[in-house]
Every structure is written in C-alpha cells, then in structure tokens.
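As structure tokens, the structure follows; a few thoughts come after it.
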Amino acid sequence: MDSTEQRISPVSGRVLMALVLLAGIVPALIGLTALSGWAFDIATLKSVLPGAVEMKANTGVGLVLSGLVLTILACRPPLPVERLARILALAVAALGLATLGQYLFGWQLGIDEALFRDTANAYNATPGRMSPYSAVTFACLGLGLAALRQPRLGWLGWSGAVIATAIGALSLLGYLWNASEVVTDAWLPPVALNTALAFALLGGGTLLSTARLIGPGAAPRTGFSTIENKIFAGFAVSLLLLLFAGGLTYTASVDFADSARVVSRTQEARAALHMLYGDISDAESAQRAYFITDQRKYLDRYALLVTEIDIHHRKLVSLATDSAALGAIAELKLLTDHRLSLLERGIALHQNQGLAAAAKFVVSGDGAEAMASLEKAVERLEATELMLLAKRETALTQARVRTLIWLLLTIGLATFVF
C-alpha cells in the first residue's frame, strides 16, 4: 500500500474533535430549546412540525445531560470531572430504564409530569411520557456514555451508540418519507423530529468517540488515514443516494397502496348500493306477503329489512370520498325514506282498516312512482361510482408502474454503488 494512503492527517483529527463536540453541544441546545418551550408554553419550540408529536420535558432533560456528558468526555477532563460525567450518564440511563419500566410493567413513578403538566393532543396517550423508542435510546446511550474510555466496556459504548444512531436515523427517515408507521402512533408513540435529530447526533458523536478515546492512559487518536477518509466519503455518498432512492420507492409504494385502497372502497360502495336497493325491493315483497297471509313473520321480516337498509346507507356515507358523492347519497336517503314511509302507511291501513283499504292504497300508484324515482337515483349513483372506479383503476395502474420503475432504479443504484 502506498505510504500516502497510510499517513494520518492532523486536519482530519481536528475535524474529528470538532464533530464530536458538535454532536454533544447541538443536542444539548435542542433539549434546552424544548425545555424553554415547556417553560413559556411555546408549542413551536417543543414540536418543530405543527400537529406532530412534541418533545417531552423529560426527553429534553435527557438530551441536555447526554450532550453535556459527551462534550465533557470528548475533552479528556480531569478525573473528578470525568467521574461526574459518568454519574450524569448513569442518570440518563436510569431515566430511560424507569420510563421503559412504566411501559412494560405499568409502574406509576410520577416522573412523566414532574417538571411540567402536559396538555398536548398529538399522539399523547400518557401525558408527559416520552416515547418508548426514546426510553430505549436513553437507557442504551446512557450506559454507552458511561462506558467511554473504559477498555473492557468498549463494546457497551459502541452498542449504545449504534442503537441511538439507528433509532434517530430511522425516525428521521420516517419524517423524510412521511411514513405513518413511524411518525404517528400506528405502532408505538413516535419520536419527535427534534428528538430524532438529537439522537442521531448523539449516537454518531459517541461512535466517533469510541474511535477517538482509546483508554484512560492512551493518547487520543489524531485522525484518520487517507484511505480511511476515501472509504468514509464513498460510503457517505452511497448512503445518501440509497436513502434518496429508497424514499422514492417507499413513496411510490404508498401511492400504490392508497390507490388500491380507494378502488376497494369504490367496490364496497357499489356493493352496498346494490344491497340497499335489493333490500328495498325485498321490503316491498315482505309487505305484500303480510297483506296476503296476515302472518306476523312477514312483518318481522319487513322490520329487519328496514334496519339493514339503514346500515347500508350509513356504510355508503362512510365510503364517500367527496362532497358530490355525499350529496347523491343524501338524495338517495330522502327517496328511500319516502318509499319506506309509503310502505309503513300501507301496513298501518291494513292493520286499522283491513286488506281492501291497503290494496286500494297500493294500486294508487304512489308507491310505484316512488320506486321509479328511487331506481333512477340508484342508477345515477351507480354510474358515478363506475366513472370514479375507472379513474381510480387508471391511477392504480400508473402507481403500479411507478412503483416498479423506482424499485428497478433502486436495485440498479444499489448494484452500482456496491
């Protein structure tokens, strides 16, 4: 190997030191900013994105302490200060473990709202309690920071840093890709955007520190070799490209899933519409059978069909995707109620005045006219749904093609990079 590729760069050493300090100072400032938001009730300081989950006060405290510990240990302080930093790191781990215990065992330790009362609405199942992802991060990161510059515990520092970096990076990707499973409580209470950034910085800074701080009696490494710098640069560029391509692929797959869901809703609406019309026809038949036989079972059958008609109508409302569809369904509801009221009037005449009066009312033509209007309304709504279905199936096909294209591009990019 060429000697220039093995040479250690003092510039990269200074850069390494600056990066570690930055990775400690910035999360501490992020935590202080969020705590200021809690103190002065400024929502923007607690949550970067409107409507997103807020950084909890305990999370802010954990970030301040973690950033302080990383900054202190990166500077190779005197032994008493180093011991204080390790105690603070253990306090961070204790905060994470205590919160995790509350999630796992139902403990009520009173630490969630110890500093401030939490009235947030976004993904706030337990007021004041940090996300379980944050609890795991603080538990691992605190232990990892406490193990820095301890040769026998180097694996602990590295593991804690990797876990913190992974949780922070995955949460940031969730916000970048707008992945609802990550940025909402679809799975578990989410990590706030500012918290995710701080975790990624703390984890990355701790990873750099595990390389830089060899042990209590060893000199710090002054930098990386030229070939290490080249490998790191290539890896960073490749990772950014893959993240970009992965984001596009994920977005395309979400669009495909959304299009498929809309097509499914349209098919459900059409099925509910047909069942509603069929039940109205069956209700007419049940009324006529009651007139002819005077048997109670047909009246019970009629009452059951009326209940099912209402269920179908409510399902149509729940499946409507725009105001035009809601208007058409509202018109259908009026016509359905009118037809049912005529059927009810015929039943009342049969019960009070006998079959002859009921038959006279049936042949008057009011019911047939109402049924004809209802049939036309059903046909109009069916035609609208068919038109929407055609558009949505076209969108589904386009989404499928986009997903395939981005998937192939991602595979091709990954192949090229590796």
Side-chain angles (χ1 to χ4, degrees), residues 20-21 23-36 38-39 55-105 107-116 118 126 128-150 152-165 167-168 191-192 194-207 209-210 213 216:
V20 174
L21 291 175
I25 294 172
V26 172
L29 292 177
I30 292 175
L32 285 173
T33 301
L35 289 173
S36 299
W38 283 102
M55 180 191 295
K56 303 304 180 184
N58 284 353
T59 303
V61 172
L63 291 178
V64 171
L65 293 180
S66 300
L68 184 62
V69 170
L70 181 58
T71 304
I72 291 174
L73 293 180
C75 296
R76 299 182 62 83
L79 188 58
V81 179
E82 181 180 325
R83 287 175 178 172
L84 175 62
R86 297 192 191 283
I87 292 174
L88 294 178
L90 292 176
V92 171
L95 175 63
L97 290 171
T99 305
L100 198 58
Q102 292 185 126
Y103 276 111
L104 295 177
F105 308 113
W107 297 343
Q108 298 297 328
L109 302 179
I111 61 175
D112 297 327
E113 295 183 291
L115 297 177
F116 302 100
D118 184 8
T126 305
R129 183 172 298 179
M130 69 176 71
S131 165
Y133 301 117
S134 299
V136 170
T137 301
F138 280 132
C140 297
L141 184 63
L143 294 174
L145 288 171
L148 279 180
R149 296 175 61 186
Q150 301 293 320
R152 295 181 180 179
L153 298 176
W155 62 271
L156 186 58
W158 185 86
S159 301
V162 168
I163 292 173
T165 305
I167 291 177
V191 175
N194 44 2
T195 305
L197 175 61
F199 283 161
L201 289 173
L202 285 169
T206 306
L207 278 174
S209 295
T210 58
L213 304 177

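Numbers for residues simply follow the sequence, beginning at 1.
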So, for A89 and A146, which heavy atoms are closest and what is the spacing to 0.1 Å?
-> CB-N, 3.6 Å
Which atom names give the shortest non-hydrogen contact between G203 and A164, and what distance separates them?
-> CA-CB, 4.0 Å
Without swapping roles, check the side chain of N58 against the backbone of L95 for a donor-acceptor pair under 3.5 Å.
-> no
Looking at G60 and L35, what are the two nearest heavy atoms and their distance?
-> C-CD1, 4.1 Å
Heavy-atom side-chain proximity of L156 to Q150 below 4.5 angstrom = no
Roughly how far, to the nearest 0.5 Å, is the CG atom of D118 from the OG1 atom of T126?
-> 10.0 Å
Check whether any side-chain heavy atom of F199 sits under 4.5 Å from a side-chain heavy atom of T165, and report yes or no.
-> no
Taking side chain as C-beta onward, heavy atoms only, is T206 less than 4.5 Å from V20?
-> no
Atom CD1 of I111 and atom CD of Q102: how far apart are they, to the nearest 0.5 Å?
-> 4.5 Å
Do side-chain atoms of R129 reach the backbone of K56 as a donor and acceptor pair under 3.5 angstrom?
-> no
Can you tell me how far CG of L143 sits from CG of L153, rounded to the nearest 0.5 angstrom?
-> 10.0 Å
Distance (rounded to the nearest 0.5 Å) between N194 CG and T33 OG1 = 8.5 Å
Side chain proximity check, M55 to I30, heavy atoms < 4.5 angstrom | yes
Which atom names give the shortest non-hydrogen contact between G205 and A23, and what distance separates them?
-> CA-CB, 3.5 Å
Closest non-hydrogen atoms of A139 and A93, given as atom of the first, atom of the second and distance, are O-CB, 3.7 Å
Can you give me every donor-acceptor pair (side chain of residues 62-71, partner residue at least two apart or in another chain, under 3.5 Å) with its distance?
{"unit_1": "S66", "atom_1": "OG", "unit_2": "G62", "atom_2": "O", "d": "2.8"}
{"unit_1": "T71", "atom_1": "OG1", "unit_2": "G67", "atom_2": "O", "d": "2.8"}

To the nearest 0.5 Å, tell me how far L202 CG sits from T137 OG1.
-> 10.0 Å
Interatomic distance, F105 atom CZ to L100 atom CG [nearest 0.5 angstrom] = 8.0 Å
Identify the residue among L21, L197, L201 that makes a side chain to side chain contact (heavy atoms under 4.5 Å, CB included) with V26.
-> L201
Here the ring-ring contact (aromatic ring centres under 6.0 Å, His included) pairs for residues 61-97, sequence neighbours left out, are none
All pairs passing ring-ring contact (aromatic ring centres under 6.0 Å, His included) where residues 71-99 contributes a residue, at least two apart = none
In terms of the angle between their ring planes, are W38 and F116 parallel, tilted or perpendicular, with boundaries placed at 30° and 60°?
-> parallel
Within-4.5 Å side-chain heavy-atom neighbours: L141 and L145 = yes
Given side chains that start at C-beta, do those of S209 and L73 come closer than 4.5 Å, heavy atoms only?
-> no
